[in-house]
Structure formats: structure tokens, C-alpha cells
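In what follows, every heavy atom counts, from backbone to side chain, and hydrogens, waters and symmetry copies are set aside. For ligands, and for the atoms within them, numbers begin at 1 and follow the listed sequence.
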Amino acid sequence: MKAENLIRAASGTRVRHLVYISVVGADRVPVKSGIDRAMFGYFASKRAAEQIVINSGLPWTILRATQFHDLLLTVAQAMMKMPIMPVFAGFRFQPVDSSEVAARLVELTLGDPAGLVSDLGGPRIDKMSDLMRTYLRAQGKRRLILPVWLPGRAARAHRAGANLTPYHTDGKRTWEEFLADHEACHE
Ligand SMILES: NC(=O)c1ccc[n+]([C@@H]2O[C@H](COP(=O)([O-])OP(=O)(O)OC[C@H]3O[C@@H](n4cnc5c(N)ncnc54)[C@H](OP(=O)(O)O)[C@@H]3O)[C@@H](O)[C@H]2O)c1
């Protein structure tokens, strides 16, 4: 695991502070079955990396962020290639701008080791279907949106909001603003 290699390399050096970027829900999305692992193994690997950081013996800070706008854009672009746009039924997201996450990481890195700090979430929580509709509108495209029910405990946890941090809507840039800026850059 990369985190393990990094910490092995850092141990015995003069590293004074490990700062790790994790994901909201790392501790709440259960990854038990094959389908959980196939779809959401990412959450388990982030949790495992968090544990490696915590047990490293080095001073540490961990920030958990919600999904980045860039990730949702990648999903939207891939889904739009299909004549029908599938979305995960009951899923909501709270997309945050990666530049805001990066700025917070810089701030934390320059500060003292702080352990697990407050989550950083985007300014708004929206249904996945609404986020995809906004993307389609911005593109001037139309697609039938098809909700797909995902089985498994990890998906159920997502439907219950395990990937969200409603008390930490600290991100400023909205999905709409991100999409408008992205379009302007690619015209
Ligand atoms: N995307 C999200 O929604 C989200 C949400 C919460 C937290 N996070 C976390 O935030 C971090 C960045 O996410 P991301 O989606 O931006 O990932 P990403 O697009 O895969 O980018 C990862 C970046 O790290 C670099 N990198 C990977 N392994 C490296 C290594 N061994 N040494 C030096 N550089 C290395 C990559 O360089 P190359 O391009 O050269 O490969 C790339 O620039 C990840 O830890 C992710 O788990 C992401």
C-alpha cells in the first residue's frame, strides 16, 4: 500500500507532520460483500490508509472531504455518452471544489498536527439525478435519466447519507459555478 511505503520512508527522517487527505464516509461506508468491494472498495482503502497514518508514530492530521467537482464531472461525461443516463437511485452528493480542499490542506500542513479535523464538504447537498440534470442543461443536451438501484450495504449507507457532511457545508464554489468555469476554459 502506498501510504505504508510513504510512512516507512518517512520514519527515521526529520518528518514532523503527516497530513492525509481522506474521504467523508471512510468510517461509515461498510465494505463487506463482493459488490461492496467492487463498487465502494475505495472507502475501505481510505480507512485503511487513515489507520496506517494514525498508527505511524508520527504526528498527523487527517482531513476528510466530500466528492470533488472534478470526479462528478468525470462521471457525468462518461454517463452522457450513453443514450440513457443511469444514476444511482437515492444517492446524494455534496461536491466540493478541489482547489478549496487544496487550500485547506496547505493551511493544515503549515499548522501544528491536529489529528482528525472537521470535515470539508461542498456548499450544497443534491440528488445525483439533479446534479446530472444540471450538467446536461449546461451542455445543452437531453437524456432520459434512469435511476438504478444498487444492492449491498455500502450502497445502503450512501442512500442514508454516509458520504455527506451536512454540518460542514464550508466549500464556497457551487457545481453550477464549477461547470460554468469549466465550459469557459474549454470554449
Ligand atoms: N476525487 C474525490 O472526489 C476525492 C474526495 C475526497 C478525497 N479524495 C482524495 O484526494 C486525493 C486526490 O484525489 P484525486 O481524485 O484528485 O486523485 P487523482 O485524480 O487520482 O490524482 C492523484 C494525484 O496524485 C498523484 N500521485 C499519485 N501517486 C503518487 C505518488 N506515489 N507520488 C507522487 N504523486 C502521486 C497523481 O500524479 P499523476 O497524475 O502523475 O499520476 C495525481 O496528480 C486522493 O487521496 C483521494 O482519495 C478525493
Side-chain angles (χ1 to χ4, degrees), residues 1-11 13 15 17-31 36-56 58 60-79 87-88 91-109 114-128 130-132 134-135 150 154-155 157-159 161-179 181-182 185-186:
M1 177 180 255
K2 281 181 190 166
E4 219 159 26
N5 294 338
L6 191 69
I7 286 161
R8 198 175 306 120
S11 302
T13 67
V15 170
H17 189 183
L18 277 178
V19 180
Y20 184 66
I21 174 69
S22 188
V23 65
V24 169
D27 55 335
R28 291 196 298 247
V29 174
V31 178
D36 289 343
R37 260 190 303 282
M39 296 291 295
F40 301 103
Y42 168 73
F43 286 83
S45 71
K46 294 303 283 186
R47 182 67 179 146
E50 284 184 0
Q51 290 303 322
I52 291 169
V53 169
I54 292 167
N55 296 323
S56 65
L58 293 165
W60 57 273
T61 301
I62 293 177
L63 172 68
R64 291 178 179 151
T66 52
Q67 275 68 47
F68 300 168
H69 288 135
D70 317 70
L71 175 73
L72 281 172
L73 176 65
T74 305
V75 171
Q77 286 169 334
M79 300 295 196
V87 297
F88 303 148
F91 274 50
R92 290 165 295 154
F93 290 100
Q94 185 180 348
V96 66
D97 207 76
S98 53
S99 66
E100 293 173 344
V101 178
R104 178 77 180 120
L105 283 173
V106 169
E107 190 178 45
L108 290 168
T109 304
L116 181 63
V117 296
S118 299
D119 294 344
L120 176 50
R124 228 177 49 219
I125 294 172
D126 283 308
K127 290 179 190 167
M128 184 180 183
D130 289 340
L131 292 163
M132 294 300 120
T134 305
Y135 173 72
L150 289 186
H158 271 79
R159 286 190 290 274
N163 59 321
L164 308 173
T165 185
Y167 298 111
H168 297 287
T169 52
D170 302 316
K172 299 273 178 283
R173 200 171 180 215
T174 64
W175 175 234
E176 288 79 0
E177 288 165 345
F178 166 81
L179 289 176
D181 292 346
H182 184 265
C185 289
H186 290 81

Inset, instruction - Check each atom of ligand 1 against the heavy atoms of K2 and keep those under 4.0 Å away; list them by number with element. - result: 28 (N)
Inset, instruction - Return a yes/no value: protein heavy atom under 4.0 Å from atom 1 (N) of ligand 1? - result: yes
Inset, instruction - Drop me the distance from E100's CD to H69's NE2, to the nearest 0.5 angstrom. - result: 7.5 Å
Legend entry - H158 side chain near M39 side chain, heavy-atom distance below 4.5 Å: no
Legend entry - Interatomic spacing from CD in E50 to CD1 in I21 - rounded to 0.5 Å: 10.0 Å
Inset, instruction - Verify the contact flag for atom 24 (O) of ligand 1, where contact means a protein heavy atom under 4.0 Å away. - result: no
Inset, instruction - Taking atom 36 (C) of ligand 1 as the reference point, report whether a protein heavy atom occurs under 4.0 Å from it. - result: no
Inset, instruction - For the pair R104 and D170, find out whether any cationic side-chain nitrogen is under 4.0 Å from an anionic carboxylate oxygen. - result: no
Inset, instruction - Mind checking the CG-CZ spacing from L131 to R92? Nearest 0.5 Å is all I need. - result: 11.5 Å
Inset, instruction - Select the closest option to atom 47 (O) of ligand 1 among Y42, F43, F68, judged by heavy-atom distance. - result: Y42
Legend entry - From W175 atom CH2 to H182 atom NE2, the distance as rounded to the nearest 0.5 Å: 9.0 Å
Inset, instruction - Record the part of S22 in heavy-atom contact with ligand 1 below 4.0 Å; permitted values are side chain, backbone, both and neither. - result: backbone
Inset, instruction - Can you measure from CZ (F178) to CG (L73) and round to the nearest 0.5 angstrom? - result: 4.5 Å
Legend entry - Distance flag for atom 42 (C) of ligand 1, protein heavy atom under 4.0 Å: no
Legend entry - 4.0 Å protein heavy-atom contact status of atom 7 (C) of ligand 1, strictly under: yes
Inset, instruction - Kindly indicate whether atom 39 (O) of ligand 1 is approached by any protein heavy atom to under 4.0 angstrom. - result: no
Legend entry - Distance, nearest 0.5 Å, that separates CG of L116 from OH of Y20: 12.5 Å
Legend entry - Distance flag for atom 33 (C) of ligand 1, protein heavy atom under 4.0 Å: no
Inset, instruction - Please check if a non-hydrogen protein atom sits closer than 4.0 Å to atom 19 (O) of ligand 1. - result: no
Legend entry - Per-atom contacts, ligand 1 versus A65 - under 4.0 Å to a heavy atom: 6 (C)
Inset, instruction - Have a look at ligand 1 and work out which part of T66, if any, has a heavy atom under 4.0 Å from it: side chain, backbone, both or neither. - result: backbone
